[in-house]
Amino acid sequence: MEDSRTIETATMKMIEKAKKDNVETAWDRAEKMKPQCGFGETGVCCRICTMGPCRIDLVGDGPKRGVCGADADTIVARNLIRMIAGGAAAHSDHGRDISHTLLMAAEGSDYEVKEPEKLIAVAKVFGVETEGKDIKEIAKETAIKALEDFGRYEGLTLYPYTANEKRKKIWEKNDVWPRSIDREIVQIMHQTHMGVDADYVNLIQQGVRASIGDGWGGSMIATELSDVLFGLPKPIETEANLGVLEKNMVNIVAHGHEPTLSDMIVQASQDNELLERAKAVGAEGINVVGMCCTGNEIVMRHGTRMAGNFLQQEAAIVTGAVDAMIVDVQCIMPSVTQVASCYHTKVISTSPKAKIPGAIHIQFDEKHAYEIAKKIILEGVENFKNRIPEKVHIPEEKSQAIVGFSVESIIKGLDKVVIASAQPTGTVKPLVDCIVSGVLRGAAGVVGCNNHKVQHNYGHVELIKDLIKHDVIVVVTGCTAYACAEAGLMKPEAKELCGPGLKTVCELVGIPPVLHMGSCVDCSRILILLNEVAKYLNLDISDLPAAGAAPEWMSEKAVSIGTYFVTSGVYTVLGVCPPVLGSKNVTKLLTEDVEGIYGGKFAVEPDPHKAAQLMIDHIEAKRKALGI
Ligand code: SF4
Ligand code: SF4
């Protein structure tokens, strides 16, 4: 079976089933949308005041300026940094919620500090004195300091101080150190208001500042404090793809982003009262599975199975076997309730920030987290008996995967190849040794979403296969992680697809060639790992034989992620072109000039094989520059 929409068999089957069941999917809607507007696609449409909407004619003799006089450079730059603001806001609001959950854990709630050692490490970043204090006191002071980083009124955000010395100097010199996480986002909205900033370079500079506030601020705080609260991910086995849904169990899909909800859902699903009730309605048990990034959060920490990525959310419901889809925030297609209305599935929204017409809303409240989680699951349990048997079809496809590679667990894993009596343990030295000797040519981070403009999962899988064949170790997050798990790239046998160097490393350390590092906010783990290696070698991130890619990206969050990677020194290849081509100047700034400033730059290459080659060439050029 071949399908131009996806490479993934279970999804193909569900697309076919959707057609039979008369259900519309994202691919159908994308088809109806064609041709998409060229003004929007190239970024030259502006509607930020009511003198517009204005559009710039790039090819004919139509308007070259908006009614206010804004030209293509201004309009493109303004639109782009508004995307960064959207992305940075989404990540940062998530980080704020996690900080607040830590505060509640300190003051007494259903949450607790699971990793005191990591809390102490984070406390140090914030300058919190830990000596002689009890853990709750440290948690409280750290949470307050973290919350201050979102809106501090003097000084600079504290987390970026963890970057290596060279990187910090670059940010200082170019005046892009975020003052506070929220402030930079607000300033984007001000600066892009009608009649404020018209200088595309200055506009992009503000986008950079906000993105650093995301990667080295909001996202990093979200990841670090999630580890403190929910536990440090460690390698664990799991399964991925729609085949993880169970015919005889209550299937609960946890979809969205914040572990505050999904972690409690996993805990509550083991509650005896609920398990009894599940049996009473004829089910063998409760099967919680993950989708998108909240799925990544629980798979990393509990090994919860992974149902699917962004473009599989409708397909999951089309199986007819999802009794409840529990959602919080971000990347939840509003269409899920429409799809659900054709089956028995209940969509349950939980966040006051994200209500969806047609969903049942049960507001999650961290103060009564466990009880509410139980109440939400009960909705799914009671709904089991409403399944429509003739509409149930669960595809059998599922793949084994090893997941749970936090920076800490990677370093611990590397210790296996260290002779403890002769070398220090707990450092990145073994990784550095492999790279310096050339056993590994380099490392790549592949991240991001799905997008109907790319055959589903094709971009991720093909690009990554080329990289590992060239002995480049790959770390992934977000929806890329699902694509890799589903394609079998996260099981030990995937070593057979690697070059000889990477294969040997996989065998010695006992890891797959593609390491799952978590959710989208966990892209900050990739920054931390790169930064640790750079610090160890007394280099900057931009000196390392490393590259990044987002082959199927779609969200504003991905724009912010791409920007903070580039401005942290990473060469980053995008598989989907951002809406910037309407301005030659902005395009040149992002794909050429920016390298001279930050050491990283963007490239756009829709063909994953060519994209992989660009990354490999970059890695080899960096090796040459280092003389290794
Ligand atoms: S800000 Fe200028 S370009 Fe934008 S809609 Fe208003 S008049 Fe048009
Ligand atoms: S990778 Fe993209 S689509 Fe997937 S959860 Fe993250 S932002 Fe959403």
Side-chain angles (χ1 to χ4, degrees), residues 26 39 43-57 63-79 82-83 86-91 94 191-198 203 214 219 222 254-259 262 290-297 299 306-314 327-333 354 445-452 454 456-457 459-460 476-485 516-524 526 549-562 574-576 582-583:
F39 296 110
V44 289
C45 161
C46 182
R47 36 151 289 279
I48 62 175
C49 85
T50 58
M51 294 195 290
C54 302
R55 75 251 177 277
I56 304 300
D57 184 355
K64 300 293 176 223
R65 287 181 181 270
V67 175
C68 67
D71 63 10
D73 294 341
T74 306
I75 292 175
V76 166
R78 277 197 310 219
N79 286 340
R82 280 192 169 208
M83 289 184 88
H91 286 145
H94 172 163
Q191 215 166 321
T192 57
H193 185 277
M194 186 269 146
V196 184
D197 195 2
L203 284 159
D214 172 358
S219 285
H255 178 18
H257 278 76
E258 297 191 358
S262 58
M291 178 146 277
C292 285
C293 278
T294 211
N296 281 328
E297 299 277 358
V299 70
M306 306 158 75
N309 55 9
F310 176 69
L311 272 177
Q312 289 177 297
Q313 57 186 290
E314 292 170 311
V327 304
D328 53 19
V329 289
Q330 301 170 23
C331 302
I332 300 141
M333 290 191 199
V446 186
V447 305
C449 328
N450 298 133
N451 187 323
H452 69 91
V454 182
H456 171 240
N457 287 0
H460 296 304
V476 295
T477 61
C479 288
T480 313
Y482 285 84
C484 293
H516 189 343
M517 290 193 82
S519 63
C520 294
V521 292
D522 295 340
C523 286
S524 59
I526 304 178
E552 305 182 23
W553 75 276
M554 63 87 197
S555 77
E556 291 174 327
K557 290 180 289 173
V559 183
S560 180
I561 292 172
L574 306 176
V576 178
S583 162

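In listed order, ligands and their atoms are each counted from 1.
Using a 4.0 Å cutoff on heavy atoms, Gly448 counts as a contact of ligand 2. Heavy atoms of Gln330 stay at 4.0 angstrom or farther from ligand 2.
With values rounded to the nearest 0.5 angstrom, Ser519 atom OG is found 6.0 Å from His94 atom NE2.
When non-hydrogen atoms are compared, ligand 2 lies under 4.0 Å from the backbone of Cys479 as well as from its side chain. Residue contacts with ligand 2 for Cys520 involve side-chain atoms from C-beta outward but no N, CA, C or O (heavy atoms, distance under 4.0 Å). The proximity of Arg55 to ligand 1, defined as any non-hydrogen pair under 4.0 Å, does not occur for either the backbone or the side chain.
At least one side-chain heavy atom of Pro551 sits less than 4.5 Å from a side-chain heavy atom of Val446.
Looking only at protein heavy atoms, the nearest one to atom 2 (Fe) of ligand 2 is Cys449 SG, 2.4 Å. In terms of protein heavy atoms, atom 5 (S) of ligand 1 is closest to Cys46 O, 3.4 Å.
The atoms of ligand 2 that sit less than 4.0 Å from any heavy atom of Phe310 are 3 (S). Of all atoms in ligand 2, numbered sequentially from 1 with element shown, those under 4.0 Å from a heavy atom of Cys331 are 3 (S), 5 (S), 7 (S), 8 (Fe). Atoms of ligand 2 found under 4.0 Å from any heavy atom of Ser555, numbered from 1 in the order shown, are 7 (S). When each atom of ligand 2 is checked for a heavy atom of Met554 under 4.0 Å away, the hits are 3 (S). Taking every non-hydrogen atom of Ile48 and a distance limit under 4.0 Å, the qualifying atoms of ligand 1 come out as 1 (S), 4 (Fe), 5 (S). Near His257, meaning under 4.0 Å from one of its heavy atoms, ligand 2 places the atoms 5 (S), 6 (Fe). The distance from ligand 1 to the heavy atoms of Gly52 drops below 4.0 Å at these ligand atoms: 5 (S). Near Cys293, meaning under 4.0 Å from one of its heavy atoms, ligand 2 places the atoms 5 (S), 6 (Fe). Every atom of ligand 1 is numbered from 1 in the order shown, and the set under 4.0 Å from a heavy atom of Cys54 is 3 (S), 5 (S), 7 (S), 8 (Fe). Within ligand 2, the atoms closer than 4.0 Å to a non-hydrogen atom of Lys557 are 7 (S), 8 (Fe), numbered from 1 in the order shown. Listed by number with element, the atoms of ligand 1 under 4.0 Å from a non-hydrogen atom of Cys68 are 1 (S), 2 (Fe), 3 (S), 7 (S).
Shortest non-hydrogen contact noted between Val447 and His460 is O-CE1, 4.2 Å.
A donor-acceptor pair is defined here as one N or O able to donate and one able to accept, closer than 3.5 Å; such a pair exists between the side chain of Trp553 and the backbone of Val576. A donor-acceptor pair under 3.5 Å is formed between the side chain of Thr74 and the backbone N or O of Ala198. Panel note: side chain Gln330, backbone Ala90; a donor-acceptor pair is recorded below 3.5 Å. Of the possible donor and acceptor atoms, none in the side chain of Asn309 sits under 3.5 Å from a partner among the backbone N and O of Tyr482. A side-chain donor-acceptor contact under 3.5 Å links Gln313 to the backbone of Cys331. Counting only distance, with no hydrogens or angles, the side chain of Asn296 and the backbone of Cys520 share no donor-acceptor pair below 3.5 Å. Using a distance-only test at 3.5 Å, with no hydrogens or angles considered, a donor-acceptor pair links the side chain of Lys64 to the main chain of Asp57.
Glu552 and Asn450 share a donor-acceptor pair across their side chains, judged by distance under 3.5 Å alone. Using modelled atom types, one finds a donor on one side chain and an acceptor on the other under 3.5 Å when comparing His257 with Lys557.
Atom 8 (Fe) of ligand 1 has no N, O or S atom of Cys49 under 2.8 Å away, backbone or side chain.
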